[in-house]
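Inspection log for the structure reproduced underneath, given as structure tokens.
Computed from a prediction, not measured in an experiment: that's the story for all the values here. Order of the sequence lines fixes the chain letters, A, B, ..., with proteins taken first and strands second; residue numbering starts at 1 for each chain.
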Amino acid sequence: MSEQQVRVRFAPSPTGYLHVGGARTALYCYLYAKRHGGKFILRIEDTDLERSTEEAMRMQIQDLNWLGLHWDEGPHPETLKDMGDYGPYRQSQRKEIYQKYADQLLEQGDAYYCFLSDEEIEAQREQAKKEKRPPQVKSPYRDWTVEKALEFKKTCPTPPVIRFKVKDEKTDYVLQDLVRGDVTFPSDMVGDFVVIRSNGMPVYNFCCVVDDALMKMTHVFRGEDHLSNTLRQIMVYDALNFEKPKFGHLSMILGEDRQKLSKRHGATSVNDFNEKGFLPEAMNNFLALLGWSSPKAQEIITMDELCEQFHHDRLNPASAVFDEKKLTWVNATHLRQLPHAELWNRLQPFFAKAGINLSDDPAWQNKALETMKTSMETLTDAIELFKPLSNEPFKVSDKAAEVLSWETTSAVINKWIELVSAKNELSADDFQEILAQIKTECAVKGKQLFMPIRVAIIGEPQGAEVKLLVPLMAKQELIDRANQCLN
RNA sequence: GUUCCCUUCGUCUAGAGGCCUAGGACAUCGCCCUUUCACGGCGAAGACACGGGUUCGACUCCCGUAGGGAACGCCA
């Protein structure tokens, strides 16, 4: 109807790292905004004072940045200062705003002060459970006037909460979900729920509505676990006479055992994958395909293509299992497509961490990557691959012992040393020539020929193609290594 | 317990009543390339949860059943 600008937000609560489920939600929000020329907003839902930390917020911001999901409004990624016209963007800084709307609710008779203690509520729950009723709170303070409650508050030792008063008459609420179609909730599905805690902080279902309305969100994409919360939120929207955004509830991401993905499934945070040598473009690619499919049936897809093609009508309502094998393949494919100079840059932190020093000649780097990248799936794979080329002391691996014990091995290696010494420089062709010579002069072939040579070069019986590796190495280094194998 | 959601190869998915002998991708297996391993190429195997309708015709629509999941907090 209206030509209003699309505004989509990602609203994590800073209670830990950004996990892959959150990352996917953020990605979809981002893509939706980009696709429609809208704004992507980051809002921090830190109303849970106990669990929210500044550190976790920084971690999540960092992860979002790593993924390249840049927001138009929200805390500045460096300074954390608010950017945008609808701040503050941290809920902990919006207390007065929530209080104002809670007061409005109170005034309208849509909410009331409730003095029920934890024990009383617990008792009610027990009772409800016994009677097999939904465990909903029935507050005796429900019909008190605000004045009466305020008067009582003075004498009451524990501060009250503010509860939303769910209408008595039962009606059906229909949510037109972007992912699931029409979803009908009976209003008696929920009891009177808390909107403001006794410590004055608002509760998710309340501040989420106030913020989404005030921040002019047009679309809300979030996890399926929020689906049933939406009923409460709709009630708040209606009571406050706010315009509702369109909702889309995304499926869950599961582990291989089809349980909700959690820490016991291994790596689940975006940062874990960063550290394991996955590329952000691969992460986005894989995550996008978990619950969404490209209309062009692309499996390998760039961020730009994603922005172009993303549409909510291809979002899958069924939950999806996170398959790290496929992620690895996606990663390997992206990695091999990277320009070598860029790949080299991405590798630097991993080399540094592993203490590997390599030539800074770009031509050498390019040649080396050409050779190595077909055996790399993740950035960390480069560590083992490049070790033989670093200026670390040469070591013969245990796996190579068998090769060295072969009868013909020492003759082969001696011949190798002899022939290499006769050359100035070794090209791939020279290497092939030498190999052929050894083959005839030592009368060996196949494994007996190839593996000793490989061990003499990299100290391992298996690895990258040696004919490409050799040109990357200095002649004297080759000789030294071969000699070491003979001792 | 109540309410809501979900259900196509092992996994991610395509599929909007006849284009389906159910397509693709990952993984698996085989062959080719390769004097190793990868990369690459080719190929094989592998699924509509079940039962009823509706229809000339159902993977597609409806209703049940089963299984899975979520929510029912002063967590988000």
Side-chain angles (χ1 to χ4, degrees), chain A residues 11-15 45-48 50-52 91 114 116 118 121-122 125 128-137 159-163 175 177 179-180 183-186 188-191 193-205 207-208 222-232 249 251-252 254 256 258-260 286 289-295 297-300 313-314 316-330 332 336 372-377 385 432 435-436 439 444-451 453-454 460-467:
Chain A
S13 57
T15 55
E45 309 223 323
D46 54 353
T47 54
D48 184 348
E50 252 101 87
R51 300 198 305 149
S52 302
Q91 291 186 328
C114 174
L116 243 25
D118 287 349
I121 290 171
E122 192 46 43
R125 284 230 171 77
K129 216 170 155 187
K130 250 182 236 164
E131 294 170 23
K132 305 216 186 238
R133 280 187 293 111
Q136 294 173 356
V137 172
V161 300
I162 300 176
R163 276 184 196 280
L175 165 68
D177 193 273
V179 180
R180 283 148 219 280
V183 179
T184 308
F185 300 109
D188 60 357
M189 189 175 154
V190 295
F193 53 93
V194 173
V195 292
I196 302 280
R197 294 178 245 243
S198 52
N199 69 1
M201 278 312 247
V203 155
Y204 169 74
N205 281 309
C207 48
C208 177
R222 61 191 3 170
E224 187 194 331
D225 42 344
H226 290 293
L227 187 56
S228 34
N229 280 324
T230 310
L231 173 57
R232 289 185 182 76
H249 287 92
S251 63
M252 306 261 85
L254 312 177
E256 288 184 52
R258 301 213 132 258
Q259 298 297 303
K260 195 170 163 177
F286 173 73
L289 260 26
L290 256 196
W292 177 83
S293 57
S294 152
Q298 288 185 59
E299 297 284 341
I300 296 299
D313 63 2
R314 292 186 76 85
N316 191 154
S319 48
V321 173
F322 189 92
D323 179 7
E324 202 171 318
K325 288 247 179 61
K326 184 153 182 179
L327 202 210
T328 303
W329 172 77
V330 171
R336 287 168 197 147
M372 299 301 194
K373 71 174 181 182
T374 55
S375 3
M376 287 168 58
E377 291 185 313
L385 254 15
Q432 294 289 55
L435 223 51
K439 185 178 172 182
V444 291
K445 58 177 182 177
K447 273 166 75 172
Q448 272 69 29
L449 168 64
F450 222 78
M451 287 195 169
I453 300 293
R454 180 188 300 282
E460 300 274 353
Q462 288 177 347
E465 242 180 307
V466 269
K467 83 171 168 220

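- A:Arg314 comes within 4.0 angstrom of sugar-phosphate atoms only, judged by non-hydrogen atoms across all strands, and of no base.
- Taking a pair to require two hydrogen-bonding distances under 3.5 Å in either a Watson-Crick or a G-U wobble arrangement, B:C48 remains unpaired.
- Across all strands shown, B:U11 forms a Watson-Crick or G-U wobble pair with B:A25, both key distances being under 3.5 Å.
- Checked against salt bridge (charged side-chain N to carboxylate O under 4.0 Å, His left out), A:Glu377 has no partners two or more places apart in sequence or in another chain.
- Counting non-hydrogen atoms under 4.0 angstrom, A:Ser251 reaches nothing in the nucleic acid.
- Spacing between B:A16 and B:U60 at atom C1', rounded to whole Å, works out to 7 Å.
- Here B:G1 sits opposite B:C72 as a Watson-Crick or G-U wobble pair (both hydrogen-bonding atom distances under 3.5 Å).
- When the nearest nucleotides of RNA chain B are assigned to A:Arg51 and A:Ala318 by heavy-atom distance, the more 5′-ward of the two goes with A:Ala318.
- Taking every side-chain heavy atom of A:Val183 into account, B:C4 is the closest of B:C4, B:C12, B:U36.
- A search for salt bridge (charged side-chain N to carboxylate O under 4.0 Å, His left out) contacts involving A:Arg180 returns A:Glu224, not counting sequence neighbours.
- Residue A:Glu256 qualifies as open at atom CD: its count of foreign heavy atoms under 6.0 Å is 12 or below.
- The closest side-chain heavy-atom distance from A:Ile300 to A:Val330 is below 4.5 Å.
- Taking only distance into account, the side chain of A:Ser375 never meets the base of B:C37 through a donor-acceptor pair shorter than 3.5 Å.
- The base-pairing partner of B:C59, taking Watson-Crick or G-U wobble contacts with both distances under 3.5 Å, does not exist among the strands shown.
- Base pairing of B:C31: its partner is B:G41, meeting the Watson-Crick or G-U wobble criterion (both donor-acceptor distances under 3.5 Å).
- Checked against side chain to side chain donor-acceptor pair (under 3.5 Å), A:Asn199 has no partners two or more places apart in sequence or in another chain.
- With sequence neighbours excluded, the residues forming a ring-ring contact (aromatic ring centres under 6.0 Å, His included) with A:Phe322 are A:Phe273, A:Phe286, listed by chain and number.
- Nearest to the side chain of A:Thr47, among B:A76, B:A14, B:C4, sits B:A76.
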### Protein-to-nucleotide contact annotation, 5' to 3' order, nucleotides 24-29 of chain B [B base; S sugar-phosphate only; - none; under 4.0 Å, heavy atom]
BBSS--

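- With a cut-off of 3.5 Å on both Watson-Crick or G-U wobble distances, the partner of B:G67 is given as B:C6.
- For A:Glu324, the side chain to side chain donor-acceptor pair (under 3.5 Å) test picks out A:Lys276, with sequence neighbours left out.
- Residues A:Lys439 and A:Asn205 both approach RNA chain B. Their nearest nucleotides, taken by heavy-atom distance, put A:Lys439 toward the 5′ side.
- By the side chain to side chain donor-acceptor pair (under 3.5 Å) test, A:Asp177 is found to be paired with A:His249, residues two or more places apart in sequence or in another chain being considered.
- Remark: A:Arg51 pairs with A:Asp48 by the salt bridge (charged side-chain N to carboxylate O under 4.0 Å, His left out) rule, at least two apart or across chains.
- Across all strands shown, A:Ser293 has heavy atoms under 4.0 Å from sugar-phosphate atoms exclusively, and none from any base.
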Report each atom pair, protein N/O against N/O of nucleotides 69-73 of chain B, whose distance is under 3.5 angstrom.
| from | atom 1 | to | atom 2 | distance (Å) |
| --- | --- | --- | --- | --- |
| B:G69 | OP1 | A:Gln259 | OE1 | 3.3 |
| B:G69 | OP1 | A:Gln259 | NE2 | 2.9 |
| B:A71 | O4' | A:Ser228 | OG | 3.0 |
| B:A71 | O2' | A:Ser228 | OG | 3.2 |
| B:G73 | OP2 | A:Arg125 | NE | 3.4 |
| B:G73 | OP2 | A:Arg125 | NH2 | 2.8 |
| B:G73 | OP2 | A:Pro135 | O | 3.1 |

